[in-house]
Structures are given as C-alpha cells and as structure tokens.
Protein chains: 2
Amino acid sequence: MATIKDVAKLAGVALSTASYALSGDSKVSTKTREKVLEAARQLNYRKNGFAMDLKKSRTNTIALILTDLSGPFYSELIRSIQDVALSNGYDLIACSSMGGEDSTAVRFLLEKRVDGAIVLAHNITDDILRAAAGERFPIVVMDRPITGDGLVNVLVDGEEGGYRATRYLIDQGHRSIAYISGPANSYDNALRYEGFLRAMREEGLEEKAKWKLSGSFIREGGYKATKMMIMQGELPSAVFYANDEMAVGGLKAFEEAGVSVPGEVSLIGFDDIQLAEYIQPPLTTIRQPMNESGSLAGHLLFQMLNGDQVEASYSLRIGLVERQSVLKVRNGVTGEA
Amino acid sequence: MATIKDVAKLAGVALSTASYALSGDSKVSTKTREKVLEAARQLNYRKNGFAMDLKKSRTNTIALILTDLSGPFYSELIRSIQDVALSNGYDLIACSSMGGEDSTAVRFLLEKRVDGAIVLAHNITDDILRAAAGERFPIVVMDRPITGDGLVNVLVDGEEGGYRATRYLIDQGHRSIAYISGPANSYDNALRYEGFLRAMREEGLEEKAKWKLSGSFIREGGYKATKMMIMQGELPSAVFYANDEMAVGGLKAFEEAGVSVPGEVSLIGFDDIQLAEYIQPPLTTIRQPMNESGSLAGHLLFQMLNGDQVEASYSLRIGLVERQSVLKVRNGVTGEA
DNA sequence: GTGAAAGCGCTAACAG
DNA sequence: CTGTTAGCGCTTTCAC
C-alpha cells in the first residue's frame with residue numbers, strides 16, 4: 001500500500017505539501033497540486049483511515065447498536081437515523097451486540113471507534129454504557145431509562161401503550177383479558193404489563209393467574225404460550241400479546257385449534273410490524289413511532305456532538321392501529337358462536 | 001481521555017510494561033500487572049482503537065455493505081454472515097452504500113477501515129471494487145459477476161430461477177405470461193428475464209410487448225405496473241414478477257380491480273421474502289438460499305484472509321416454493337370464471 | 001508556497 | 001522481567 005510519503009517522493013515535493021494538496025488546502029499552487037494528484041493516481045494511493053482518525057481524533061462516524069442486526073423490526077428506525085446522519089455529513093455503521101461483553105458493539109463503544117452511538121440493545125449493561133459515555137462521547141439510549149454524563153434517553157411510552165391496548169379491549173366490551181408476556185427481564189415488557197394492569201384495575205378487572213403466560217417476544221413463544229392456554233380449556237375473550245411477533249404465533253395456534261379470530265377470541269399486539277397488516281385477520285396493534293424516535297435520536301446525538309445542551313430524557317407517544325383482530329362484544333363474553 | 005502513558009506513570013512502570021500488562025503478555029510479573037491494572041481502573045483507561053489498528057494494521061473487523069441498511073430482505077443473510085464472523089473471532093459491521101461515491105461504504109472500502117468486505121450493493125461501481133480489493137483486502141461480491149485481484153463472487157443462479165419460475169407456470173398450463181420487470185440496470189433482473197425468455201422460447205411462446213412493464217423492484221412499482229396492465233384490458237393468465245415486493249403490490253392492484261388471484265390470474269414472485277407466506281393467497285415464488293450464500297461468502301472471506309486459495313466464482317442454485325398463487329389451468333387461458 | 005519536524009496512542013523489537 | 005526506542009501514516013504548527 002502506497003503511503004503519502006511515496007506520493008510526495010514521486011511528485012518531488014515535501015510530505016506536508018503532499019498532505020495539503022491531497023486535502024485540498026488552498027496554500028498549494030495549482031501546478032504543485034496537479035503534480036501530487038497525478039502521483040497519487042499513478043500509485044493508486046488511498047488515505048489510511050486509521051492514521052487520519054488517530055491524528056484528528058474524530059471519525060465522523062456514529063454507530064447504531066442493535067441486539068441483532070438481522071431483526072426486521074428496525075427498518076424504519078434505521079432509515080430515519082441514516083437520513084439524519086447523512087444530512088449531517090456523518091457516516092453511520094450498524095453493529096450487533098451479540099456476544100455481550102466481547103461484542104463488536106462494546107469494542108466500538110469502549111475503544112471510541114466512533115464519535116457517538118445510538119443504542120437499542122438490552123444486552124449491553126448500564127455499566128458499559130456509563131463507562132463509555134461522556135462529554136466527548138454522547139450516547140442516545142432507546143431501550144431503557146438511564147442517566148449519566150453524555151447519556152440521553154429517547155423512549156416510547158410503553159406503559160401508556162399497554163394501557164391504551166387494554167383500554168381499547170375493555171371499550172370493545174371485553175372483560176376477560178389475558179396478557180401474554182415478553183421476557184421477564186425486559187424493561188419494555190414490564191412497562192406494557194404495568195399499563196395492562198392499570199387499565200384492568202381501573203375497571204375493577206382481575207388478571208387470571210393461569211392466563212399469565214410468557215412468550216419471550218418471539219413468534220414461537222407466542223405460539224407455545226397460546227397452545228398452553230388453549231389446552232387449559234377456559235379461554236379469555238381477548239388476549240393482549242406483548243408484541244406482534246408473539247401475536248402472529250398466537251394466531252397460528254388458534255387457527256390450528258379451530259378457534260376463530262376474532263369470532264371467538266380477539267387479539268391485540270404491540271409494535272405494528274410490517275406483517276401485522278398482512279396476516280388474516282389483520283392485527284389491531286399499538287404502533288411505535290419509529291420514524292419520529294429515530295430522527296429524534298439522531299438529532300439529539302448531533303446536538304450533543306456540537307456541544308449543545310439537551311434534555312436528559314425524551315418520551316414519545318404511541319398510537320393505536322385499529323384493524324380487524326378485535327371484535328366488539330356485548331357482555332364481556334364473546335360467546336360460543 | 002487517559003492514555004497508556006498516564007497509566008504507566010501512575011503505576012510507576014515503563015510504557016512498554018504497561019502495554020504488556022494490559023494485553024496480558026506473560027513476561028510481566030503478576031504483581032506488576034496488578035499495579036498496572038489498578039492504575040488503569042483508577043484512570044478509567046481505555047485502549048484507543050485507532051492507535052491499535054494503525055499499529056497492527058489489522059482491525060479484526062469485516063464489513064457487510066448493503067445498498068440500504070433498512071431492507072427487510074437481508075435478515076437471513078446478515079444472520080448467517082454474522083455467525084461465521086463471530087465464530088472466526090472477527091467483528092462484523094454493516095454499512096450502507098447510500099450516497100454513492102461519498103458513502104460510508106466506499107470510505108470503509110477505500111480507506112481500508114476493515115480487513116475485508118462482503119458487498120451486496122449495486123450502486124458501488126466495479127471500478128471502486130477493483131480499486132479497493134487486493135491481495136491484502138479480500139472482497140466477496142454477491143450481486144454481480146466481477147473478477148479481479150482479491151475479488152470473489154458468490155452468486156445465485158438467477159437465470160435458472162427465472163427459467164424455473166416460467167417453466168412452472170407453463171407446466172401448470174399457462175400460455176399467456178407477463179413479466180413485470182425490475183430496474184433496467186439491475187443485473188439480477190436481467191438474469192431473471194433471460195431465464196423467463198429461455199423458457200418461453202423453449203415452448204414457442206411469445207412475450208407480448210404490452211405486458212412488459214417495469215416496477216423497479218418496489219411494492220409501489222409492482223402496484224402501478226399491474227394497474228396499467230389491468231387498464232389495458234387484456235390480461236395474461238399468469239404474471240411473473242421479478243421480485244416478491246412487486247408481486248405484493250401487484251396483488252393489491254388485482255384485488256382493488258376485483259380480479260381474483262389465482263382464480264383469474266396466477267402470480268409468481270422471486271426471493272421468498274417473509275411476507276410471501278402471509279399474504280392472501282400465499283405467494284408461490286423462487287427462493288434464494290440466503291443462509292447458504294451468506295455462510296459461503298463469510299467462509300470464503302476468511303479463507304482469503306488466511307491466504308488460502310479459493311475459486312473466483314461460486315454459484316448457488318435456487319428452489320421453487322409452491323404456495324397458492326398459481327392455479328393449474330387446462331388450455332392456457334384461465335377463463336372468465 | 002514549501003519543507004522540516006513534532007507528535008496522535010499504541011506495539012514490539014531490542015538491550016539491559 | 002523491565003525500560004528505551006523506533007515507528008504505524010497522517011496532520012499541522014512553525015520557520016524559511
């Protein structure tokens with residue numbers, strides 16, 4: 001690999017002159033610049049990224065850290081962040097936190113291989129986040145509340161979402177409602193569940209212990225939990241799945257058991273994934289404002305990078321997407337037919 | 001930010017000793033190591049990633065370059081590559097080539113910010129690829145055939161796929177078949193179209209010019225092209241969409257026009273995206289072996305990184321996924337009813 | 001304008 | 001085992 005030294009030598013100028021010419025500094029004569037550029041071309045010279053970063057101690061790159069790069073759920077979010085990054089002249093890379101402490105993500109954070117980060121990865125501990133963040137290294141955290149120097153939150157009001165979903169079910173006449181839970185250690189799940197409970201309590205409704213099943217946020221989990229519920233005999237008139245993926249799995253379980261949705265049991269989800277619109281029946285769900293939260297996160301990061309002061313926490317509201325998986329009922333029981 | 005120098009000073013040892021201690025070299029006494037580690041802890045010291053990379057001129061990171069990070073289509077591919085990278089002790093970052101010449105992706109490639117790359121981004125020119133690749137910088141290209149030093153191809157046989165899709169339609173009795181095309185400059189589209197033509201010719205069938213519409217690989221495009229086809233009056237008995245996204249859009253257009261699928265017109269797609277299984281009717285399509293091609297690409301990259309010799313090009317075969325969007329017909333015309 | 005020289009933070013010979 | 005030293009490739013004063 002040719003270095004700038006080689007270029008300077010070939011062009012017959014000093015190292016610094018080559019550097020100036022290459023970065024388009026105006027204090028180099030056009031003629032000299034041409035000479036340097038020509039030499040660079042001949043040698044197929046490329047700047048070495050690291051040397052540059054090391055020298056400037058800025059990378060012009062921000063990282064988006066996700067639990068799993070392959071989740072389909074993030075499309076919208078990624079796009080909006082990407083837009084903001086691009087329009088600020090920054091590069092965006094995405095990295096996965098799979099592998100925990102030893103993951104790419106943690107290395108990028110701790111070793112400051114980027115200028116800042118947006119994190120949506122529950123397997124990165126608060127400690128790591130606190131250790132990494134600082135005045136010169138802002139981090140926007142989107143999956144938990146956390147405070148500290150250089151740390152800012154962009155959160156979606158999950159409790160409100162859980163409440164809205166449950167409230168909607170109640171308003172449609174449902175009184176026996178089950179909650180299929182996500183992972184026990186998930187902050188998001190906890191919020192949604194709290195909202196569920198608030199709505200239930202408000203109406204003097206009780207959660208039946210045997211309906212409280214866990215499906216760990218994946219389709220298969222929703223499927224199994226629902227199967228179990230069906231096996232136990234007594235069905236609720238509506239079930240609130242802590243996320244859409246589980247609702248999709250649940251729907252399959254009901255279908256296989258010959259239970260009509262929403263005829264016999266109504267379903268509501270959370271997230272509004274792309275699939276939600278396409279399954280039969282289309283899933284009523286709670287929509288997270290991914291676009292808005294993505295651009296907000298991006299903008300905040302750049303403000304911090306510019307040294308501007310920002311609030312420590314931002315909360316976005318959710319919305320209900322009414323489709324066809326919830327049936328209006330009379331007396332709290334959907335009935336046999 | 002504390003440097004290794006500060007750590008050494010605080011621990012009262014030489015710079016190199018600190019470096020050795022920090023990287024766990026065995027030639028440092030346990031006691032000294034402890035002292036150094038303690039000093040590092042006190043100063044909240046973190047290695048500077050760039051300095052390390054610059055020195056070692058290796059990053060232990062590979063990049064996956066995608067046109068658009070937010071495409072849902074890549075999930076499986078990303079996962080399989082990620083697995084391979086992780087098990088080789090490498091980090092994987094994903095970056096987008098949006099922005100063309102000035103994109104993050106191009107910078108990472110040209111400035112060698114990673115040790116190698118897997119590319120699936122048609123907006124990165126062959127020239128850039130050739131300029132970036134070399135003996136010390138392997139690139140696996142998955143979206144076009146290209147040869148050169150350090151360049152390897154992993155391709156899916158799109159022509160065969162186009163042929164299989166069309167052949168299937170013909171075998172089901174269809175004789176008037178339309179092809180809704182992807183972007184004119186897409187290599188993938190060209191292959192699929194060629195396969196289509198081969199099957200048509202083989203059977204002595206003609207492509208009707210007015211059915212040759214383009215939908216540029218997006219849902220909206222498929223929708224519009226189909227609308228146009230419907231407006232023109234005469235419908236084919238089957239249509240082959242160059243990808244599933246367009247087929248989804250096309251389905252919507254047919255639905256809106258009250259044309260029954262597959263009753264009046266059969267549909268076949270290409271890619272087998274997640275949605276394909278969930279739409280009504282479930283879409284018959286050509287499946288690309290994403291897992292296989294992802295791991296193959298990953299393995300090849302690491303072999304090249306290790307200096308092993310590999311073939312210049314690998315081709316993977318596709319498969320047909322039979323679902324319910326194609327109807328078997330008698331005489332080449334689906335008929336009015 | 002141009003050139004010499006001083007590092008950015010780190011690793012790895014090398015000599016003690 | 002420990003300390004000295006020479007760079008990795010680049011940018012950027014500071015004199016000329």
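Quantities reported herein were computed from a predicted structural model and do not represent experimental measurements. By convention in this document, chain letters (A, B, ...) are assigned in the order of the sequence lines, proteins followed by strands, and residues within each chain are numbered from 1.
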Student: Measure from CZ on R58(A) to C1' on dT12(D) and round the result to the nearest Å.
Tutor: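 It works out to 16 Å between those atoms.
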Student: Going by the side-chain contact (heavy atoms from CB on, under 4.5 Å) test, name the single residue among S80(A), S87(A), P289(A) that passes it with S295(A).
Tutor: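 When S80(A), S87(A), P289(A) are each tested with S295(A), the side-chain contact (heavy atoms from CB on, under 4.5 Å) holds only for S80(A).
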Student: Between the two ends of the helix from dG1(C)-dC16(D) to dG16(C)-dC1(D), what is the bend in degrees, rounded to 10 degrees, where each end axis spans five pairs?
Tutor: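 Terminal axis comparison yields 40°.
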Student: State which residue, out of D91(A), I139(A), L92(A), fulfils the side-chain contact (heavy atoms from CB on, under 4.5 Å) condition with I62(A).
Tutor: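 Result: among D91(A), I139(A), L92(A), L92(A) is the only option passing the side-chain contact (heavy atoms from CB on, under 4.5 Å) with I62(A).
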Student: Short of 4.0 Å, heavy atom to strand atom, which residues of residues 28-36 of chain B count as contacting DNA chain D?
Tutor: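 The answer is V28(B), S29(B), T32(B).
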Student: Measuring only between side-chain heavy atoms, which start at C-beta, is I93(B) closer than 4.5 Å to F108(B)?
Tutor: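 The answer is yes; the side chains approach within 4.5 Å.
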Student: Got a sec? Which of residues 107-115 of chain A come in under 4.0 Å of DNA chain C, heavy atoms?
Tutor: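 Going residue by residue through residues 107-115 of chain A, none turns out to have a heavy atom under 4.0 Å of DNA chain C.
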Student: For F302(A), enumerate each residue passing the ring-ring contact (aromatic ring centres under 6.0 Å, His included) test, keeping only those at least two apart in sequence or located in another chain.
Tutor: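 With sequence neighbours excluded, F302(A) shows a ring-ring contact (aromatic ring centres under 6.0 Å, His included) to Y90(A), given in chain and number order.
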Student: I81(B) versus L77(B): any side-chain heavy-atom pair under 4.5 Å?
Tutor: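 Yes, their side chains come closer than 4.5 Å.
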Student: Quick check: do L110(B) and E101(B) have side-chain heavy atoms less than 4.5 Å from each other?
Tutor: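 Result no, sub-4.5 Å side-chain heavy-atom pair not found.
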Student: Taking C-beta and beyond as the side chain, do N153(B) and L151(B) meet within less than 4.5 Å on heavy atoms?
Tutor: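 No - every pair of side-chain heavy atoms lies 4.5 Å or more apart.
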Student: Do the side chains of L120(B) and V141(B) get nearer than 4.5 Å, heavy atoms only?
Tutor: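 In short, these two side chains do not touch, never coming nearer than 4.5 Å.
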Student: Heavy atoms under 4.0 Å is the rule here; annotate nucleotides 7-14 of chain C 5' to 3' with B where the base is hit, S where only the sugar-phosphate is, and - elsewhere.
Tutor: BBBBBBB-
Student: Would you mind reporting whether N189(B) and F217(B) have side-chain heavy atoms less than 4.5 Å apart?
Tutor: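 F217(B) vs N189(B): side chains touch.
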Student: Determine, step by step, whether D149(B) and R130(B) satisfy the salt bridge (Lys or Arg N to Asp or Glu O under 4.0 Å) criterion, reporting the C-alpha distance in whole Å, the side-chain angles of both residues, the deciding distance to 0.1 Å, and the verdict.
Tutor: CA-CA 7 Å; D149(B) 211 26; R130(B) 287 218 186 75; over 6 Å; no
Student: Less than 4.5 Å apart, side chain to side chain, heavy atoms only: is that true for F137(B) and L109(B)?
Tutor: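 When only atoms from C-beta onward are counted, L109(B) and F137(B) do touch, with a gap below 4.5 Å.
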Student: Taking only residues two or more places apart in sequence or in another chain, which ones pass salt bridge (Lys or Arg N to Asp or Glu O under 4.0 Å) with D83(A)?
Tutor: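 Here no residue qualifies.
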